[in-house]
Number of protein chains: 2
Amino acid sequence: MSTIRAKRKPSSRRLLPGEREKQIVSEAIRFFSEVGFSGQTRELSRRLGITQPLLYRYFPSKRALLERVYREVFLGRWDPAWRTLLEDRSRPLRARLIEFYRRYTTVVFRPEWIRLYMYAGLAGTGFNRRYIDMLEKQLLRRICAELRVELGLPDSRRARISPFEMELAWDLHGGIFYYCVRKFIYRSRVHEDLAALIEHAVDSLLLGAPTVLGRLLGRKRPPTSIRR
Amino acid sequence: MSTIRAKRKPSSRRLLPGEREKQIVSEAIRFFSEVGFSGQTRELSRRLGITQPLLYRYFPSKRALLERVYREVFLGRWDPAWRTLLEDRSRPLRARLIEFYRRYTTVVFRPEWIRLYMYAGLAGTGFNRRYIDMLEKQLLRRICAELRVELGLPDSRRARISPFEMELAWDLHGGIFYYCVRKFIYRSRVHEDLAALIEHAVDSLLLGAPTVLGRLLGRKRPPTSIRR
DNA sequence: GCCGCTGATGATCAGGCGATAATCTACACG
DNA sequence: CGTGTAGATTATCGCCTGATCATCAGCGGC
């Protein structure tokens, strides 16, 4: 009787393996980002409208599913075009940084990303370290290099970028990241204008860096002013 | 035979209730900050060198123990003397902020505090919200007020401190907090000079704020320069 | 030196959890 | 329509984990 069969969600029965797997991963990302790694497979399967053993048809263990979730979320979200954007010296650095973080926050700094990233960090998995290494290489070091160019300081190929300079870049990045932490993890009331926050964070770096870097290199005054 | 009895740690047997309780709470703070709330009572008791049921003599449930841990860590670490320090206008604001964060980081921004705070945030307990409310009231709003005085802007009692101004203070606080997150949660290699980082974070605020606040209030130039 | 109070332990329960194996059934093909 | 393949389910195992209860044993008072 079709009426009896219709009681089951038709979408959840007898899917192609590829589709079912995508469906599981997609829901697992949402699920584990909400409740953490200790979230139970039974609860996940219930959300999917399937039985719990079915998960084990697609993933040999819960651990394997979690690793798939990580891979999905942390790898492949970095857009190579961002490098071009950051290094386009025909535009003022301020504009480049603002546009970069506007794009970055829409793709990366999302609730499920932030929360999984923090869970992964607390659990001590290697994902954070790997991501941080990537970030320092792809983003922060590049910002430092562009900052030197903008300020007329020695080229980054001639003088190695110092750990202290990196901290300046981390301060910019961390300021924006921490805003997202307050919003998505602490669920605190935050000033809703992210665009304005990004502008301010960028300005903080650009206004503070000349003095701080100048002091670092033994100068009293900013070498040049910031183009706007 | 005393030799047989000596096999047991004498310190762990037959303690006064008060002492045993302190011992449990102290180890529980370390334990749960490392492994998170899903840490098991058996593992905790093993670390303490006691049996697991003994925990239930002192706390009716695991939840009760966790709440005691939170209370211990999050309440009562705020030193009322810090208010006096922050509002001592005989000293430059820069010096006050630097000294405050030097003290604050030694007491509050410690590994077990940071990690428990993050676990609590992810779990959605009310502790973070409460702490953030306290922080905004006790610290951030005060920083904004002092910043206005320093810059010769309207008194905070006459014109209410805006959400955007609060974001400036959050940016300072978040920068230092995020440094600790990288260090204690991500266990990333960080530039070890925390004192220098604090100075830079404070300078960033003080150098950036005049421009940003001036812009906010429709001025072109910083109202006054920053005392050093 | 006995005794009672209470801190501490050993044994165990009930429910939860990841994982497995046997069974069922939807769908394509002839 | 029958039939085989493979997606999906039902039943269940074994272990873990929070919590309970009866029992043991250290220590002070008489």
Side-chain angles (χ1 to χ4, degrees), chain A residues 1-28 31-32 34-70 119 123 125, chain B residues 1-28 31-32 34-70 119 123 125:
Chain A
M1 292 200 298
S2 61
T3 54
I4 286 177
R5 256 190 313 214
K7 281 181 180 174
R8 293 202 171 273
K9 296 181 232 168
S11 67
S12 77
R13 301 271 296 183
R14 202 87 187 170
L15 291 192
L16 290 175
E19 288 184 37
R20 177 70 77 195
E21 189 180 321
K22 275 185 196 168
Q23 189 194 42
I24 291 174
V25 171
S26 166
E27 184 60 42
F31 176 66
F32 289 118
E34 286 175 21
V35 304
F37 313 147
S38 51
Q40 306 148 13
T41 55
R42 278 174 174 80
E43 170 74 14
L44 170 60
S45 66
R46 203 155 48 75
R47 284 210 202 182
L48 280 159
I50 62 175
T51 56
Q52 180 244 10
L54 188 57
L55 296 173
Y56 289 85
R57 185 175 192 83
Y58 294 89
F59 299 92
S61 66
K62 182 183 174 181
R63 174 170 222 67
L65 174 57
L66 278 173
E67 273 173 22
R68 173 65 184 278
V69 164
Y70 286 141
Y119 275 121
T125 71
Chain B
M1 292 201 300
S2 62
T3 53
I4 286 179
R5 256 192 311 214
K7 281 181 180 176
R8 293 201 171 272
K9 295 182 233 170
S11 67
S12 77
R13 302 269 296 183
R14 201 83 189 178
L15 292 191
L16 291 175
E19 288 183 37
R20 179 68 79 194
E21 189 179 321
K22 273 185 197 170
Q23 188 194 43
I24 291 175
V25 171
S26 166
E27 183 61 41
F31 176 66
F32 289 118
E34 286 175 21
V35 305
F37 313 147
S38 51
Q40 306 147 12
T41 53
R42 278 173 174 80
E43 170 74 14
L44 170 60
S45 65
R46 202 156 47 74
R47 284 210 200 182
L48 280 159
I50 62 174
T51 55
Q52 180 245 10
L54 188 57
L55 295 174
Y56 289 85
R57 185 176 190 83
Y58 294 89
F59 299 92
S61 67
K62 182 182 174 182
R63 175 167 222 70
L65 173 57
L66 278 172
E67 272 173 22
R68 173 63 185 278
V69 164
Y70 287 141
Y119 275 121
T125 70

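Lettering follows sequence order; numbering is per chain, from 1.
Partners of S61(B) under the side-chain contact (heavy atoms from CB on, under 4.5 Å) rule, at least two apart in sequence or in another chain, are R63(B), A64(B). Applying the side-chain hydrogen bond (donor to acceptor under 3.5 Å, both in side chains) rule to E67(B) yields no partners; only residues at least two apart in sequence or on another chain are considered.
Whole-Å rounding puts the L54(B) CG to dA11(C) C1' distance at 16 Å. What separates CD of E21(A) from P of dA6(D) is a distance of 17 Å, to the nearest Å. Rounded to whole angstrom, the span from the CG atom of L15(A) across to the P atom of dA28(C) amounts to 13 Å. The separation between L65(B) atom CG and dA19(D) atom P is 10 Å, rounded to whole Å. If you measure from atom CD of Q23(A) to atom P of dG7(D), you get 14 Å, rounded to the nearest angstrom. As a whole-Å value, the separation of R46(A) CZ from dG16(C) C1' is 14 Å. In this structure, the CD1 atom of I24(B) is 12 Å from the P atom of dG7(C), given to the nearest Å. Between L55(A) atom CG and dG7(D) atom P the separation is 15 Å, expressed in whole Å.
When all heavy atoms of Y119(A) and E34(A) are compared, the pair lying nearest together is OH-O, 3.7 Å. Between T41(A) and L55(A), the closest heavy-atom pair is O-CD1, 3.5 Å.
Of the side-chain N and O atoms in R57(B), none sit less than 4.0 angstrom from OP1 or OP2 of dA8(C). Phosphate contact (OP1/OP2 of dA8(C), side-chain N/O of Y58(B), threshold under 4.0 Å): present.
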Seminar exercise, completed: Per-nucleotide protein contact along nucleotides 18-25 of chain C, 5' to 3', at a 4.0 Å heavy-atom cut-off (B base, S sugar-phosphate only, - neither), is BBBB---B

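When ring centroids are compared, F37(B) and Y70(B) come within the 6.0 Å threshold.
Using a 4.0 Å cut-off between a side-chain N of Lys or Arg and a carboxylate O of Asp or Glu, E43(B) and R46(B) qualify as a salt bridge.
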